[in-house]
Asker: 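Pasting a structure below so you can have a look.
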Amino acid sequence: MKQTAPVQKNEYYDVVFEDLTHEGAGVAKVDGFPVFVPNALPDEKAKIKVTRVKKGFAFGRLIDLKEESRFRTKAPCPIYKQCGGCQLQHINYEGQLLYKQKQVKDVLERIGKLDLSRVTVHPTLGMEDPWNYRNKAQVPVGTREGGLVAGFYQQRSHEIIDMNKCLIQQSENDRVVQAIKEICNRYGIKAYDEERHKGWLRHIMVRYGVATGEMMVVFITKTNDFPHKNAIMKEITASFPHVKSIVQNINPKKTNVIFGDETHVIWGEEYIYDTIGDIKFAISARSFYQVNPEQTKVLYDKALEYAGLNGEETVIDAYCGIGTISLFLAKQAKKVYGVEIVPEAIEDAKRNAELNGIENAEFEVGEAEVVIPKWYEEGISADTLVVDPPRKGCDEALLRTIIEMKPKRVVYVSCNPGTLARDLRVLEDGGYVTLEVQPVDMFPHTSHVECCALLKKV
Ligand code: SAH
């Protein structure tokens, strides 16, 4: 017999919201059956209309909000709903920080099966002023009524909406992107058209070294020519003397991946500089670099504290990028080994060690799950091991090697609580205990949360 859901399409229900999804929708239960409702917050009471019923859940729409959450606020951005880049602007900042801590606790329990009576999940470390924090903008370029537009893809569509100002972006980035759009327009530059796979300019990326004031501009184009190159370079550099590097990346493919494989410097330096704490970093176009410099310092300080170094340790920094965490650690360790998959990032890491006079850090390009087992066979073993993987978390082979290598401490930096929880479970089963988890708000107003976790060998 076909089981029927306790809710029906187009029917109205009075509900109390219990939770928030990762996309920022409220979750209410009708006879235990979850209904997801955009723009609703935990603890709010409302009348909703069910709009779609699926196998184990349903979607609905807010009809009448009867009791508001004390965390509800009016989203300051006029294009908040259209854009979708932020998910939490309708929650005040205090509420966002609490929600992120709760989200981390929930997944550690649900996915990681951790006993939260013995793992401390600290309150989320937030920013004093949580706006204009992003140091990097990557904007798609399109055409509207003959002219260029640059901004964002309208939610669930390929239409590009023009945007002059983003509230979480460094205003310097907005200013330069606007100017480049205007300059390109004057020279009749053609935007890339995704559907017809025609045109030239796909994305403009700018990256701003907030501490140094240096900027990099990257043109991501379909082909490797550059119409009116000299004139355009001249205009950009005359208007913006702090632009130190202009790069072209070529992406000839029919894909929604932003970058292609070919990158050339077309004007100025190969990299720009920034500093975090007292360490200076050179950053090239294809290297990963954290987007919120103020909170990066908070995160790295926490990783350093959890590493518990006294100058005698050998440390491995897996997924090291341009050596950011490695160099923070090197100052307090005997030796640091960093490994990272992007060759340009490893070149940057080596250059950064030299730039800062750090001689006890070594870097190797490759997959962490291949290089670290190889090091271990060669007799390199860590007292403290730091991992900072991408969203998909650590490879199983790496976790197995960690369990065999038995470093006294593991510091896990994570941008995805779900895979963090999964990997902590593996490490716990392999003889580690998770002592503390510190959520850090690297991405205010979005539902993303960064964590730093400390594990010790039992
Ligand atoms: N710790 C650095 C970078 C963290 S981002 C920082 O804070 O700046 C994650 C990094 O892992 C990226 O630089 C990415 O290129 C790298 N990466 C992704 N998969 C990898 C793998 N299998 N092995 C090694 N590095 C990898």
Side-chain angles (χ1 to χ4, degrees), residues 134-136 207 209-211 257-259 261 263 271-277 279-304 306-307 315-330 333 336-353 356 361-376 382 384-402 410-417 419-420 423 438 440 442-443 448-453:
R134 282 189 64 98
N135 61 9
K136 182 175 90 169
R207 195 183 246 166
V210 175
V257 174
I258 298 179
F259 283 94
D261 297 331
T263 308
Y271 32 80
I272 55 163
Y273 293 103
D274 196 18
T275 59
I276 302 173
I279 304 185
K280 190 169 182 179
F281 296 102
I283 313 150
S284 57
R286 297 308 318 279
S287 293
F288 175 89
Y289 187 61
Q290 296 284 358
V291 298
N292 182 338
E294 188 182 323
Q295 291 297 83
T296 299
K297 172 78 169 55
V298 172
L299 179 72
Y300 291 174
D301 280 344
K302 191 46 78 175
L304 188 61
Y306 282 175
V315 181
I316 290 178
D317 180 18
Y319 310 90
C320 70
I322 63 172
T324 36
I325 297 178
S326 323
L327 299 183
F328 254 67
L329 299 171
V336 176
Y337 294 92
V339 54
E340 154 68 43
I341 203 168
V342 173
E344 288 94 330
I346 285 294
E347 279 168 37
D348 287 351
K350 289 178 177 164
R351 185 180 299 120
N352 290 333
N356 292 282
E362 251 179 63
F363 296 97
E364 187 167 329
V365 65
E367 292 171 298
E369 58 272 23
V370 174
V371 173
I372 294 174
K374 187 203 78 184
W375 284 346
Y376 187 52
T384 296
L385 194 141
V386 179
V387 297
D388 183 6
R391 289 191 62 76
K392 68 172 192 238
C394 292
D395 191 275
E396 248 190 270
L398 175 60
L399 295 172
R400 254 184 279 124
T401 306
I402 296 174
V410 174
V411 178
Y412 195 133
V413 180
S414 158
C415 56
N416 181 348
T419 54
L420 170 69
D423 292 350
Q438 175 62 65
V440 177
M442 292 288 257
F443 314 99
H448 294 282
V449 55
E450 191 89 11
C451 288
C452 188

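Counting starts at 1 for both ligands and their atoms, following the listed order.
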Asker: Which atom pair, heavy atoms only, marks the closest approach of Q290 to D388?
Answerer: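 So the two residues come closest at NE2-OD2, 4.0 Å.
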Asker: May I ask you to test the E364-K374 pair for a side-chain heavy-atom distance under 4.5 Å?
Answerer: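 The answer is yes; the side chains approach within 4.5 Å.
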Asker: Protein residues near ligand 1, heavy-atom distance below 4.0 Å?
Answerer: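 Under the 4.0 Å cut-off, ligand 1 touches F288, Q290, Y300, Y319, C320, G321, T324, I325, E340, I341, V342, G366, E367, A368, E369, D388, P390.
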Asker: Anything under 30° is parallel, anything over 60° is perpendicular, the rest tilted; go ahead and classify F281 against Y289.
Answerer: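 Ring orientation of F281 relative to Y289: tilted.
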Asker: Can you name the nearest heavy-atom pair linking Y271 to I283, along with the distance?
Answerer: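 Of all heavy-atom pairs spanning Y271 and I283, the closest is CB-O, 3.1 Å.
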Asker: Any non-hydrogen side-chain atom of Y412 less than 4.5 Å from a side-chain atom of L420?
Answerer: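 Side chain of Y412 against side chain of L420, heavy atoms only: contact under 4.5 Å found.
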Asker: When the side chains of residues 318-328 are checked against the rest of the protein, which donor-acceptor pairs come out under 3.5 Å, sequence neighbours left out?
Answerer:
from: T324; atom 1: OG1; to: Y300; atom 2: OH; distance (Å): 3.1
from: S326; atom 1: OG; to: D317; atom 2: OD2; distance (Å): 2.5

